[in-house]
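Worksheet: the structure to be examined is printed underneath.
Keep in mind it's a predicted model, so treat the numbers as computed, not measured. Side chains are part of it too, since the values below use all heavy atoms of this structure and drop only hydrogens, waters and symmetry mates.
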Amino acid sequence: MKYNKQTSKRDKNQRESNIPTKKQSFSNLNKVNNGVFVFTKSLTVGELAKELNINASDIIKKLFLQKKLVTINNYLDDETIGEICLEFGYDFKKQEIVNEEDFEKAEIQDKEEDLVERPAVVTIMGHVDHGKTTLIDAIRNSNLAAAEYGGISQEIGAYQKVINGKKITFIDTPGHEAFSAMRARGASVTDIVILVVAADDGVMPQTIEAIDHAKAANVPIIVAVNKMDVPGANPDKVLNGLMQHDVIAEKFGGDVLTCEISAKKKQNIDELLEDVLLQAEMLQLKANPKRYAIGTVLEAELDKGEGPKATLLVQNGTLFASDYVVVGTAYGKVRRMTNEHKQVIKEAGPGTPLSVIGLSEVPAAGDRFMAFPTEKQAKDIAEKRRLKKVEEERAKGNGVNSLDDLYSKINEGQLAQINIVLKADSTGSAEAVKASLEKLNNDQVKVNVIRSAAGAITESDILLAGASNAIIYGFNVRPSAMIRKKAEEEKVEIRLHRIIYALTEEMEDAIKGQMKKVEVEKVTGQAEVRNVFKVSKVGQIAGCMVTDGLIKSTNKVRILRDGAIIYEGEIESLKRFKDDAKEVKQGFECGIKIKNFNDISVGDIIEGYEMVEKDA
């Protein structure tokens with residue numbers, strides 16, 4: 001859908017008049033809509049008669065014939081209300097009462113005249129290295145795969161393409177086993193799944209998982225038998241293998257469309273896309289652009305330069321730049337919206353993926369979002385959702401608050417539960433670490449991740465960990481000096497890692513009781529960059545104030561920006577005024593030159609640390 005400036009303004013105003021009001025969307029309003037009586041609570045005989053526009057005496061008479069004696073003021077149960085509706089020519093539906101803060105549960109009714117055709121949302125799924133991203137490349141005529149580390153997608157990407165005059169939204173989901181939860185999320189927002197299976201490899205474990213996710217989401221599958229150009233390609237082997245999982249191709253009498261392709265050679269891509277358009281036409285996908293936007297978070301992260309950043313998929317309504325949104329427990333005014341080409345856009349209709357900044361915190365992937373008319377309404381609803389989430393997390397129970405406690409409980413033969421608050425640099429990383437930790441559950445130990453989110457470790461995390469006897473794990477993020485002190489006050493253990501297997505091995509060793517001597521880092525202090533000086537032939541000198549502990553000239557250091565690590569290295573020189581210094585203590589200024597690093601910015605934190613021996 002294309003908008004010019006005047007159309008955008010008109011549609012935005014129309015949207016405001018079409019969004020359900022608080023009373024219409026979330027109250028106990030009972031009404032007849034297209035021959036269906038929707039009710040939310042028990043009704044008296046008189047109230048039901050009024051809503052159905054019939055005489056109360058007719059209801060009383062009908063019930064009397066069933067040997068039920070009622071008066072006009074008697075309340076009727078749900079079953080009786082349903083019987084009366086059917087008796088007088090109405091269908092019926094009991095609708096759950098939904099509070100504003102539970103907006104994702106609200107059933108919003110669109111008028112038929114407001115509905116327009118929307119783009120199909122297509123998810124590309126399949127086993128690692130079967131050619132999912134290469135297929136996206138072929139469709140978009142781009143080269144995404146070249147930018148991937150090790151040839152494996154590490155986060156969800158969403159892209160749009162116009163095919164025969166119609167837009168299709170494609171979602172590429174990772175194929176690696178650690179990202180099973182991300183594939184599940186992809187299936188939950190999609191209309192059609194393209195299942196990519198390599199003709200020279202056949203059905204593999206992640207292929208089966210992808211089938212399960214698609215079936216759970218109740219979405220149709222189109223099978224793309226890829227790598228038909230490779231020697232040894234055997235498409236019949238693929239289709240026979242899929243039959244064992246109830247995915248039956250049309251050529252075998254089933255209803256699953258299949259297409260033999262070569263993504264690398266761009267063979268039969270057009271035929272595959274025609275199958276997608278055919279399937280989309282059969283589904284009759286429609287949405288209402290004249291309402292406030294509703295949708296889902298595909299991915300979120302703490303961007304080093306822009307703060308909380310989220311990739312959203314608009315599923316209904318239209319999102320405008322400067323709208324107020326609630327995303328999970330976060331809220332904010334949309335400061336900027338960009339498409340997959342990083343182009344700034346002013347609005348996004350149904351089926352559109354986009355990236356937004358301006359949120360109060362990093363939401364979780366899979367969170368629902370909704371736009372609201374005012375900042376106050378968005379802020380109030382987000383706060384209610386936050387408080388509700390905190391209560392739910394605290395209610396998950398108490399556990400041990402250190403790995404030493406875990407070891408002691410296991411030795412005493414007790415069932416130990418270890419609660420974990422997990423913070424990572426992106427939601428994809430958080431989900432991967434969470435999945436790896438939860439696989440460690442056994443008869444003696446239950447690993448319970450009570451919070452898993454992207455972003456820096458905050459005071460809220462410390463308070464939750466303290467209340468729940470939890471350990472905080474930071475993956476590629478660091479706590480500030482203030483947060484470290486707060487953790488010490490609350491007696492909360494913070495453990496930090498940058499590699500998933502190192503984190504899981506540490507937990508495994510604790511569970512097995514293998515508490516061995518290892519080298520761990522000890523933070524000596526932090527310095528805040530107050531100024532940056534560029535010196536020819538030298539590079540950048542960071543003018544700093546030591547805000548915690550002390551900085552030593554022998555320190556290893558890491559550079560933190562918004563709580564995330566952007567660089568790790570060594571100090572090349574440490575000076576007090578013009579003199580070299582061995583160390584600089586808290587409250588004093590200094591100049592620091594980082595070896596082989598010249599991208600320091602005002603506001604960055606330089607954290608100094610050293611390695612010491614300690615029990616694991």
Side-chain angles (χ1 to χ4, degrees), residues 120-140 144-145 148 150-153 156 163 168 170-180 182-184 186-187 190-280 282-283:
V121 180
V122 179
T123 300
I124 312 292
M125 286 182 155
H127 191 72
V128 61
D129 200 34
H130 275 204
K132 300 181 303 300
T133 305
T134 308
L135 175 57
I136 284 284
D137 287 346
I139 292 169
R140 295 181 65 221
L144 295 177
E148 290 182 6
I152 301 174
S153 296
I156 279 185
I163 312 293
I168 301 177
F170 292 93
I171 298 175
D172 174 31
T173 62
H176 191 274
E177 128 179 70
F179 293 85
S180 175
M182 295 178 72
R183 279 197 305 281
T190 196
D191 301 308
I192 300 167
V193 164
I194 293 179
L195 181 64
V196 181
V197 190
D200 63 336
D201 204 5
V203 176
M204 301 298 286
Q206 274 73 55
T207 313
I208 298 168
E209 287 183 18
I211 292 169
D212 292 340
H213 293 319
K215 287 182 177 179
N218 195 29
V219 294
I221 294 173
I222 298 174
V223 176
V225 183
N226 192 26
K227 301 190 179 183
M228 289 297 296
D229 59 307
V230 175
N234 187 347
D236 287 339
K237 176 187 173 184
V238 171
L239 299 184
N240 284 321
L242 291 172
M243 285 181 67
Q244 298 176 25
H245 302 282
D246 295 324
V247 178
I248 304 173
E250 280 189 329
K251 66 183 291 186
F252 294 150
D255 58 358
V256 176
L257 299 174
T258 63
C259 190
E260 297 175 7
I261 68 168
S262 168
K264 187 175 182 179
K265 301 286 186 182
K266 298 185 179 179
Q267 294 173 356
N268 291 342
I269 303 301
D270 290 343
E271 286 82 351
L272 177 63
L273 296 176
E274 285 174 8
D275 286 345
V276 172
L277 290 177
L278 176 63
Q279 190 68 262
M282 292 169 62
L283 293 173

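Closest approach of A224 to I261, counting heavy atoms only: CB-CD1, 3.9 Å. Smallest separation of non-hydrogen atoms from A120 and A280: CB-CB, 3.8 Å. Here the shortest heavy-atom pairing between G253 and I248 reads C-CG2, 4.5 Å. Contact between E271 and N268 at its shortest, heavy atoms only, is OE1-CA, 3.0 Å. A pairwise comparison of heavy atoms in V256 and I221 identifies CG1-O, 3.4 Å as the closest pair.
To the nearest 0.5 Å, atoms CD1 (I168) and CD1 (I192) are separated by 7.5 Å. For the atom pair K132 NZ and H127 NE2, the distance stands at 8.5 Å (nearest 0.5 Å). Here E274 contributes atom CD and Q279 contributes atom CD; the two are 14.0 Å apart, rounded to the nearest 0.5 Å. Here the CZ atom belonging to F252 is positioned 5.0 Å from the CG atom belonging to N240, to the nearest 0.5 angstrom. Taken to the nearest 0.5 Å, the CG atom of L195 stands 11.0 Å off from the CG atom of N226. Rounding to the nearest 0.5 Å gives a distance of 8.5 Å between CG of D255 and CE of M282.
I208 is linked by a side-chain contact (heavy atoms from CB on, under 4.5 Å) to V203, D212, H245, counting only residues two or more places apart in sequence or in another chain. By the side chain to side chain donor-acceptor pair (under 3.5 Å) test, D275 pairs with no residue at all, sequence neighbours left out. For V225, the side-chain contact (heavy atoms from CB on, under 4.5 Å) partners two or more places apart in sequence, or in a different chain, are A199, V223, M228, P235, V238, L239, E260.
Inspection of the D201 and H130 side chains reveals an N or O donor paired with an N or O acceptor under 3.5 Å.
The side-chain heavy atoms of I163 and L277, taken from C-beta on, include a pair separated by under 4.5 Å. With a 4.5 Å cut-off on side-chain heavy atoms, I269 and L135 count as touching.
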Mind running side chain to side chain contact (heavy atoms under 4.5 Å, CB included) on V276 and I194 for me, showing each step along the way? CA-CA 8 Å; V276 172; I194 293 179; 3.9 Å; yes
Intermediate values then yes/no, side chain to side chain contact (heavy atoms under 4.5 Å, CB included), T190 and V121: CA-CA 5 Å; T190 196; V121 180; 4.3 Å; yes
Please assess I136 against I124 for the test side chain to side chain contact (heavy atoms under 4.5 Å, CB included), listing each intermediate value before the final yes or no. CA-CA 8 Å; I136 284 284; I124 312 292; 3.8 Å; yes
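Applying the salt bridge (Lys or Arg N to Asp or Glu O under 4.0 Å) test to residues at least two apart or on different chains, the pairs with a partner in residues 220-241 are D236-K251.
Checked by atom type and distance alone, the side chain of K266 never pairs as donor or acceptor with a backbone atom of I139 at under 3.5 Å.
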